[in-house]
Structure formats: structure tokens, C-alpha cells
Amino acid sequence: MMSKLDDLFLDTLQDALYVERTLVKRLPKLAAEASSTELKDTILGHLRETEIHVERLETIFDMMGKPASAKKCEALEGLLKETVSVTGDIDDEQTRDAAIIALSQAIEHYEIARYGTLACWAEELGGREIQLLLEETLEEEKQADQKLSALAESSINERAAA
Amino acid sequence: METTMAEKTLHNLFHDTLKDIYYAERKILTALPKMAKAASDPKLKAAFEKHRNQTEGQVERLVEVFGIIDEKPQGKTCPGINGILEEGTEMMKEFKDSIALDSALIAAAQAVEHYEISRYGTLKTWAEELELTQAIALLGETLDEEESTDEALSMLAESSINSQANVAAE
């Protein structure tokens, strides 16, 4: 019989797959809305990473002998709704970039929470290989968040306030 | 001319995000007692209760920040936090009678914490750019509290709770 933590793990994995697949579709649009070249490059760089995150998740499903099926994630949908409503309202390019960074960081933090939880559960469930794959992605999400923080603290906000 | 307009827009964004987090904090205030009630581990119950008290202080700080920018405290529906809380509620329902419920509660709470960490991080950076000195300190205080809460939850997750959830299902 499957343990209940196994069920939770699988549920959350399906949620993460939905998030990553959705972001593969959304990130190019977000990059197109950004004005600063650095921000565009950061988002597109993260798009390539996101494609790898999808593959890693598919590998994990495979290792568990489960189909890689995604489950709609209300949290991400909510965050994306905010992105559309906020960035659409801003004419000033630098300020729009500041808003894009803020919302990208909200998404990164959602992923950091989810991968942190998944890696912790994988450890409990004894799936060492699975845990390592999840930790790799977790590390990349944290780095993406830090890159965005650095961008926010440097030129973009300064220009917005200058 | 152009400079003034740019400044005003970052100010507007700051104000908007402040309304967003004010809405989120008040939602969280109503969610935390339910989470404390649902938790079985006394340490987890205590952690939720402690964070509820902290959240009240955080709401008060936000009221102060509104004051600093001469605005009335006002919330704005925030689809982000609504989605995160909705997901948490679903998880609570799905694992209601399960030994893994505490693990689900921690996961939901950490998603909320990370949302707040990103928001307060952003607001603090913008407050620095806008030179709102008093607001920087207030937002920084809350940011520290949210980060500590997230760490405390990680510790709880890594300790006994998950092992219990895993072992008990045999």
C-alpha cells in the first residue's frame, strides 16, 4: 500500500509539472514585454533552464513508474493573473521592468517553496536519486531569484526612480 | 519632466503592491487559526499560533507604511495569494483524515511564506529606491520574520512529522 506521503508527493509533483510546462509557454511573452536587454536575457536564460526542469520532472515520474501528468495549479494561475493585470497598466518602460522582475520573483519563490518541500519529502521517502534531481532544480530557482534581485537593485530601479 | 513621471510610476507600483500585501496579510490572519486547528503536532499548532500573532503586528506595520506615503490603508484583491490559499484548502480537504495532513499544512504554509518573502523583498528594494527610510526599516523587520517562519517550518518538516506520515501508512 502506498503511504499517504507518497500521495502528497505525487500530487505536488503534478502541480510542479503544470507550473514548469506553463512557464515554458509564458516566459517568451514575458521576455518580449521586458525593455532592458539584461532582463530579457535573464528571462530567456531561465526559459532554457525551465525546459530542463520539465525534463527532470518527467524523469522522476518515469523513475516512480507513473505517467507524467500535470495537475492545474491555482497558485500559479493567480500569480500569472497578477502579472497580466499589473504589467499591462504601465507605460513607462523602466517601471514595467521593475514590475516584471517583482512578479517573476513571486513565481520563483513559489517554485522554491514547492521544490524545497518535494526535496524534503523525497528524502523522507528514501528516493535519493529523485531528491538530487529536485535539489538541482531548487538550486537553479534560487539562483534565478538572486539574479532578478541583483537586476532589481541595480540599474532598473535606479532608472525608474532617477 | 520625464524624470518626475518615472518617479511617480515607481511610487504607484509601490502603493499597489502595498495594497496587495495588505489584502494578503488579512487573508492569512483568517487562514492561520484554521491551520492551527487542523494541525495535530503540538509544535506545529504552536508555530501557526505564534505566526498569527506576528501577522497582526505585520498588518500594523503596513498601516504605518501607508501613513508614510500619505495613503489610507486599503487592500486590493490579490489573485496570487487567493490561488495559494485555495490550493492549501484543497490539500487540507484531500488529506483531512490522513497522517500526512501536517506535512500538507507545512507545505501550504511555506508556499504562503515564500509569496510574502518575495513581496516584502520587492517592497523593501523599492522603498530604498524611493528613499522611504522609515518604510525600509518596517518592511525589513517583517521580511526577517517571514524568513524565520519559513526556516522554522522547514525544521518542523525535516524532523518527526514527515517520518510519522511515511511510517504510519504501512
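To find a chain, count down the sequence lines: A is the first, B the second, and so on, and within it residues start at 1.
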(Q) Measuring from atom OG of B:Ser103 to atom CD of A:Glu124, what distance do you get when rounded to the nearest 0.5 angstrom? (A) 8.0 Å
Q | Nearest-0.5 Å distance, OG1 of residue A:Thr12 to CD of residue B:Glu87 | A | 8.0 Å
Q. Roughly how far apart are A:Glu108 CD and B:Ile117 CD1, rounded to 0.5 Å?
A. 14.0 Å
Q.
Please classify the contact between B:Ile81 and chain A as side chain, backbone, both or neither, with a heavy-atom cut-off of under 4.5 Å.
A. backbone
Q.
As an exercise, state the distance from OG1 of B:Thr125 to CG of A:Leu151, rounded to the nearest 0.5 Å.
A. 11.5 Å
Q | Which of A:Asp145, A:Thr117, A:Leu148 touches chain B most, by non-hydrogen pairs under 4.5 Å | A | A:Thr117
Q) Between A:Glu77 and chain B, which part of the residue has a heavy atom less than 4.5 Å away: side chain, backbone, both or neither? A) neither
Q. Is a salt bridge present between B:Glu90 and A:Lys72, judged by a nitrogen-to-oxygen distance below 4.0 Å?
A. no
**Q.** Atom pair SG/CG of B:Cys78 and A:Leu79 - distance to nearest 0.5 Å
**A.** 7.5 Å
Q. For the atom pair CD (B:Gln110) and CZ (A:Arg114), what is the distance rounded to the nearest 0.5 Å?
A. 9.5 Å
Q.
Is A:Asp15 in contact with chain B via its backbone, its side chain, both, or neither, using a 4.5 Å heavy-atom distance?
A. side chain
Q.
Need one label for B:Asp150: side chain, backbone, both or neither, based on atoms under 4.5 Å from any heavy atom in chain A.
A. neither
